[in-house]
Amino acid sequence: MGKTPAAVIGVGQTHHRAKREDVSMAGLCREAMDRALEDAGMTLDEIDAIVVGKAPDLFEGVMMPELYLAEALGAVGKPLLRVHTAGSVGGSTAIVAASLVQSGVHKKVLTVAFEKQSESNAMWALSVPVPFVMPVHAGAGGYFAPHVRSYIRRSGAPGHIGAIVAAKDRTNALKNPYAHLHNEGTTVESVLASQMLWDPIRYDETCPSSDGACALVIAADDIAAVSPNPAWIHGTVMRSEPTTAAERDQVNPQAGRDAAAALWKQAGITSPIDEIDAAEIYVPFSWFEPMWLENLGFAEEGAGWKLTEAGETAMTGRIPVNCSGGVLSSNPIGASGMLRFGEAALQVRGAAGEHQVDGARKALGHAYGGGSQFFAMWVVGADKPAN
Amino acid sequence: MRRHPQDRTLSAPVTVSFDYTRSVGPVLGRFLTGLRDGQFVGARLSDGRVVVPPPEFDPVTHRATADFVDVAETGTVTSWTWVSEPVAGQPFDRPFAFALVTLDGTDAPLLHAVDVASPDEISTGLKVRARWATERTGAITDVVFVPDTGTAAPAAPVAGEGEVTGIVTPVSLDYTYAASPEESAFFRGLAEGRLVAQRCPQCRKVYVPPRPACPVDGVPTVEEIELSDTGTVTTFCIVNVPFLGQKITPPYVSAYILLDGADIALQHLILDIPVEEIRMGLRVKAVWKPREEWGTTIENISHFAPTGDADADYDTYKHHL
Ligand SMILES: [Zn+2]
């Protein structure tokens, strides 16, 4: 028995901000959920199951928040699952929700992912000193900066590639009313002039710290078929690997390469750059755009930066990346992966508004987390998959 | 022979604490504003029940709660438990009761503390009354319950202006961190000025610190090897950003150092060289603290400093990036 075809029929998100002091965690989730349900033309009572995702509990200081959220999320009397895969959680949460429909267990699943970073300080939460070891850790930026340096050395990329990505994503964000950052006039020069935080990563090459949530309604084919513009799920893949291992490739991780290969196969895609019309890739630090272009197979190893430099990842390029402004413009960590998945769905539904890629038929949603060790990705399409 | 874990593993206390700034939203904000002003505020739900505190969303209609009602400050204990040994952060530093109190006119109980001296003074059915704190901030700790003697304590004046929109929630967790037996051997070696690594019996890779399980083969790294304290900087970053809880004053260089003979790099600090001169391939040597300052920690090595030798060839470390 094959999978039940499934589609995204509702997408909702909050206006992402540094501090959403007007809402609680429950209120933040419901803002995204109510928009997704309205988009799907559905009520919470019609939903069969709820899947919630967020990043480490230390970010808000509430252990297992899904317990207290159950009633507010409308999960009473329904299955409520919580997923946790660090920064990739928004993506893997959507995949778990999709699998509940594809397996035939449920027909209508609502999934929501959130982070309320203003309740604490993620940099602190990611740098809690461990006894006996050297306290050189400095948050996510401190973790990824050495690997960005390795990428630059390995690929021979010019030093301004990261700034091209940052200027592009911040400019794209001006077209997205939900984006946290709306920084007019961000240019390669202004990014290069910004403060070096974790050399080689500059302030403007870094994602913001955001409060926000994203929600999706995923439905089985008989329900999706009567939706005006379903985003059909053509493939979903998750892969993991250890944070550290001898000779582990930290620049181009095996788990990401394997996940991408499996994803393209599932989705029947032989040339990703030619067949994907829009990609929402998890880029929290600008240099990860060229790094993931290679990891995902949009470019040969060492050549991702050439696509970025040539403008091919801009909205008008060969492979538009992060037309929404991406993680560089909004980063409610737990929701950031689901935003990538949801924005991909909006593109193929023709519902992305000002940041719509004309005629997008197939799109990629991608997320990664931990020390580049958890990968989650999907391909959605305007057409129902053939098999 | 069985050995107790404490004989072979090192442990140390860790405290993780933060004052979380919690936004409460409009519904709980209304409840907390009431507490600050000496008034219980509940909600009338779509099924007609009156509940305090008000849930943020109606459990039947799922709509945001909007029908607020003022509720009496007297009620009845419907169940309780005795706290004979209070811990930090609880409502009292002396024994007390936690109770489910159903306030008069409401349909569901509120969990709170009752100030009585012994379990003989509380029972299911006991009538209780609110005792408001003199200083109130709009928090659940603004009030406790006491047995109702029939006379209300004089209401304290309203303590603030505007709506309560947030609370500060201090969280502090005390852990005992335990290093694995393999890591403990590494840290004990450091206390003698030695760098102890272990080789995986299957892939033959040398891990420093050693692992309870090789991440590739899933078997313990058992064969012990002593490494020299020289190595190569594979990659690094310069930390310029200050942050809460930081132990080293920025700017500092956090580097991956591949010790000679190891197959995995170790993270440490590079000093004794201008930061702009630090580079991939730089050859470095450990600078140890004075022996009398040593413990079972990697911090026995103050930092790594250049050896002055020619840089390592890229090909010798490129597979460690
Ligand atoms: Zn091994």
Side-chain angles (χ1 to χ4, degrees), chain A residues 19-27 30 43-45 58 60-62 71-72 74 76 116 118-121 123-125 127-139 141-142 145-151 153-154 195-201 242-251, chain B residues 10-12 14 16 18 20-26 28 55-57 59 62 64 165-166 169 171 177 179 183 187 200 203 205-207 214-216 234-241 243-248 252 254-256 263-264 267-269 280 296-299 301 314 318-321:
Chain A
K19 292 174 190 283
R20 284 294 308 267
E21 286 171 335
D22 57 322
V23 286
S24 65
M25 278 180 263
R30 281 294 304 272
T43 67
L44 203 38
D45 286 332
L58 209 53
E60 289 87 0
V62 179
E71 188 172 69
V76 174
K116 205 151 182 316
S118 68
E119 309 241 331
S120 81
N121 177 322
M123 185 106 180
W124 161 80
S127 311
V128 172
V130 177
F132 316 121
V133 306
M134 203 58 200
V136 290
H137 307 284
H147 307 310
V148 165
R149 183 183 304 281
S150 298
Y151 172 74
R153 173 67 180 82
R154 224 196 247 188
Q195 195 202 344
M196 197 59 101
L197 294 184
W198 305 271
D199 193 330
I201 298 176
T243 324
T244 62
E247 300 176 12
R248 174 184 174 230
D249 193 336
Q250 296 256 38
V251 174
Chain B
L10 290 167
S11 61
V14 182
V16 179
F18 196 87
Y20 286 88
T21 49
R22 195 154 323 290
S23 345
V24 294
L28 294 178
E56 293 185 75
F57 296 90
H62 311 300
T165 57
T169 308
V171 171
Y177 174 86
E183 283 176 310
F187 296 127
C200 170
C203 64
K205 298 296 179 196
V206 173
Y207 276 87
C214 166
V216 175
T234 58
T235 188
F236 64 94
C237 83
I238 306 165
V239 179
N240 291 316
V241 55
F243 62 91
L244 181 74
Q246 195 169 32
K247 298 288 181 196
I248 304 167
Y252 57 90
S254 169
Y256 282 94
D263 289 304
I264 191 162
Q267 268 186 296
H268 217 293
L269 196 63
M280 295 167 76
T296 51
T297 166
I298 190 72
E299 292 188 70
I301 295 174
Y314 179 56
K318 67 180 183 188
H319 49 294
H320 290 282
L321 298 178

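Predicted model, so just to flag it, every value in this text is computed and none were measured. Proteins come first, then strands; the chains are lettered A, B, ... in the order of their sequence lines, and each starts at number 1.
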Chain A heavy atoms under 4.5 Å from [X]: which part of the residue, side chain, backbone, both or neither?
X	result
B:Thr234	neither
B:Pro55	side chain
B:Val24	backbone
B:Gln267	both

*Flag for A:Asp45-B:His62: side-chain donor and acceptor within less than 3.5 Å*: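 Their side chains do contain a donor-acceptor pair, which is all the 3.5 Å distance test asks for.
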
Tell me, for [X] versus chain B, whether the close heavy atoms (under 4.5 Å) come from the side chain, the backbone, both or neither.
X	value
A:Ile201	neither
A:Arg20	backbone
A:Thr243	neither
A:Val130	side chain
A:Lys19	neither
A:Ser120	both
A:Pro242	side chain

State, yes or no, whether a side-chain contact exists between [X] and [Y] at a heavy-atom distance under 4.5 Å.
X	Y	result
B:Val241	A:Met123	yes
A:Trp198	B:Asn240	no
B:Cys237	A:Pro146	yes
A:Val62	B:Arg22	yes
B:Thr235	A:Tyr151	no
A:Met196	B:Ile238	no

Backbone N/O of [Y] and side chain of [X]: donor-acceptor pair under 3.5 Å:
X	Y	result
B:Thr165	A:Glu21	no
A:Arg149	B:Phe236	yes
A:Glu119	B:Ser23	yes

Looking at [options], which makes the most heavy-atom pairs under 4.5 Å with chain B?
options	answer
A:Glu247, A:Lys116, A:Gln195	A:Glu247
A:His147, A:Glu60, A:Arg30	A:Arg30
A:Gly139, A:Ala26, A:Ala125	A:Ala26

Who among [options] has the most heavy-atom pairs with chain A under 4.5 Å?
options	value
B:Tyr314, B:Tyr177, B:Tyr252	B:Tyr314
B:His319, B:Glu299, B:His268, B:Lys205	B:His268
B:Thr169, B:Ile301, B:Val239	B:Val239

*Do you know the tightest heavy-atom contact between A:Ala245 and B:Ile264?*
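Reported closest heavy-atom pair: C-CD1, 3.6 Å.
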
*Between B:Phe57 and A:Ala72, what is the shortest heavy-atom contact and its length?*
CD1-CB, 3.6 Å

*To the nearest 0.5 Å, tell me how far B:Ile298 CD1 sits from A:Met134 CE.*
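So the gap between those two atoms works out to 8.0 Å.
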
*Looking at CD of A:Gln250 and NE2 of B:His320, how far apart are the two atoms once the value is rounded to the nearest 0.5 Å?*
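Those atoms lie 12.5 Å apart.
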
*Carefully, step by step, assess B:Tyr207 and A:Thr244 under the rule side-chain contact (heavy atoms from CB on, under 4.5 Å).*
CA-CA 10 Å; B:Tyr207 276 87; A:Thr244 62; over 6 Å; no

*Working for side-chain contact (heavy atoms from CB on, under 4.5 Å), residues B:Phe18 and A:Val128*: CA-CA 11 Å; B:Phe18 196 87; A:Val128 172; over 6 Å; no

_For A:Phe132 and B:Phe187, take the angle between the two ring planes, folded into 0 to 90°, and tell me which bin it lands in: parallel under 30, tilted 30 to 60, perpendicular over 60._
tilted

*With sequence neighbours left out, write down each residue that passes side-chain hydrogen bond (donor to acceptor under 3.5 Å, both in side chains) with A:Asn121, or none if nothing qualifies.*
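Counting only residues at least two positions away or on another chain, A:Asn121 forms no side-chain hydrogen bond (donor to acceptor under 3.5 Å, both in side chains).
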
